[in-house]
Amino acid sequence: MDHRSELGAENIRGAGLMTLAMALFALEDMFVKKAAQSLPVGEVLMLFGVGGMICFAALALASGQGLWHPAVASRLMGIKAGFEITGRLGYTLGIALTPLSNASAILQATPLVVVAGAALIFRERVGAARWAAVAIGFLGVLVILRPGLDGFVPAALWTVLGLLGFAGRDLATRAAPKVLTNFQLGLYGFAALIPAGAIILAVTGGAVVPAPANLLPVLGAVLFGVTAYWALTKAMRTGEVAVVTPFRYTRLIFALGLGILVFGESLDAATLLGAALVVASGVYTLLAGARRLKR
């Protein structure tokens with residue numbers, strides 16, 4: 001097999017792994033939403049965090065990695081944890097209080113915020129065309145939100161907060177100490193869910209002793225979330241980033257399907273139009289950035 005054929009095969013594997021990761025993340029969101037129907041949202045987050053910590057701690061130990069490194073106490077990791085808490089808090093409330101399809105559509109704008117943040121914080125070069133794509137993506141989010149119109153749902157602003165938190169987390173991850181492994185980052189990422197859940201419970205109260213049946217959706221969210229993280233990590237290390245990364249947007253397709261089939265959600269024209277604007281601008285931004293790097 002020549003180099004070109006081998007690279008093509010790697011790209012196919014990478015795209016398949018990325019699509020698998022997005023399907024698993026959509027299932028994670030579904031289980032979190034199901035769990036929040038029978039348990040307080042803050043409690044769901046805390047249980048989800050504990051379960052994810054246990055899984056990643058086991059993976060780290062099985063790989064011969066330690067659970068602690070002095071770099072965890074660095075200022076950058078503290079900033080990353082703060083954004084992780086903000087992102088998880090906002091997005092979990094978003095999928096609990098609004099349709100899964102809407103929340104997932106808004107979340108797809110995260111890479112656009114990362115592009116804008118990288119330009120402003122890390123001084124990365126972003127041309128006029130990419131800035132225009134970012135603006136169109138943000139317009140798509142506004143179309144989904146419909147502020148000032150009858151279809152506006154104030155609870156959807158929680159998803160926007162989650163979007164900003166996740167974008168900040170991704171930017172902080174770029175600058176995070178390279179000595180930390182993916183399993184260690186996953187361990188402390190899930191650890192951040194515990195204070196996020198505690199914040200919600202402190203405001204809303206209502207913690208309960210969960211019945212075994214109510215823990216099953218939380219367990220499903222943990223298993224699918226951890227597996228999705230593994231598939232995402234493998235995907236980003238397989239094939240060309242420019243080919244593999246756009247398949248992140250398949251998450252929206254899975255979320256729309258689950259929203260309709262599991263929760264009986266209906267899609268209106270504004271949501272579909274806004275989602276199309278967000279996805280199209282995101283894919284263009286990713287591909288334009290890849291072309292610039294090749295040049």
Looking at Leu100, is its backbone amide N or carbonyl O close enough to the side chain of Glu265 to form a donor-acceptor pair, meaning the two atoms are under 3.5 Å apart?
yes
Query - Lys33 side-chain N/O to Ile95 backbone N/O, donor-acceptor pair under 3.5 Å - result: yes
- prompt: Are Leu193 and Thr92 close enough that some pair of their side-chain heavy atoms sits under 4.5 Å apart?
  reply: no
query: Are the side chains of Gln108 and Tyr249 in touch, meaning some heavy atoms are under 4.5 Å apart?
result: yes
Residue pairs meeting salt bridge (Lys or Arg N to Asp or Glu O under 4.0 Å), one or both in residues 277-287, sequence neighbours left out, come to none
Salt bridge (Lys or Arg N to Asp or Glu O under 4.0 Å) pairs touching residues 183-207, sequence neighbours excluded, are none
Show which side-chain atoms of residues 156-171 pair as donor or acceptor with protein atoms under 3.5 Å away, not counting sequence neighbours.
residue : atom : partner : partner atom : Å
Arg169  : NH1  : Glu84   : OE2          : 3.4

Cluster membership besides Leu223, Ile/Leu/Val/Met/Phe/Trp/Tyr side chains within less than 4.5 angstrom, sorted by chain and number, is Leu219
Residues joined to Leu76 in its hydrophobic cluster, side chain to side chain under 4.5 Å directly or through other members, sorted by chain and number, are none
Donor-acceptor list for residues 199-214 side chains, cut-off 3.5 Å, not counting sequence neighbours:
residue : atom : partner : partner atom : Å
Thr204  : OG1  : Ile200  : O            : 2.9

The ring-ring contact (aromatic ring centres under 6.0 Å, His included) partners of Phe224 (sequence neighbours excluded) come to Phe31
Sequence neighbours excluded, the answer for ring-ring contact (aromatic ring centres under 6.0 Å, His included) partners of Phe56 is Phe190, Tyr229
Residue pairs meeting side chain to side chain donor-acceptor pair (under 3.5 Å), one or both in residues 63-75, sequence neighbours left out, come to Gln65-Thr181
Residue set satisfying side chain to side chain donor-acceptor pair (under 3.5 Å) with Asp29, at least two apart, ordered chain then number -> Tyr91, Arg251
Contacts satisfying ring pair (Phe, Tyr, Trp, His ring centres under 6.0 Å) that involve residues 193-216 (not counting sequence neighbours) are none
Could you see if Leu139 belongs to whatever hydrophobic cluster contains Val126? Use Ile, Leu, Val, Met, Phe, Trp, Tyr and a side-chain cutoff under 4.5 Å. no
Side-chain donor-acceptor pairs under 3.5 Å in residues 272-283, sequence neighbours left out?
residue : atom : partner : partner atom : Å
Ser281  : OG   : Gly137  : N            : 3.4
Ser281  : OG   : Leu277  : O            : 2.8
Ser281  : OG   : Val278  : O            : 2.9

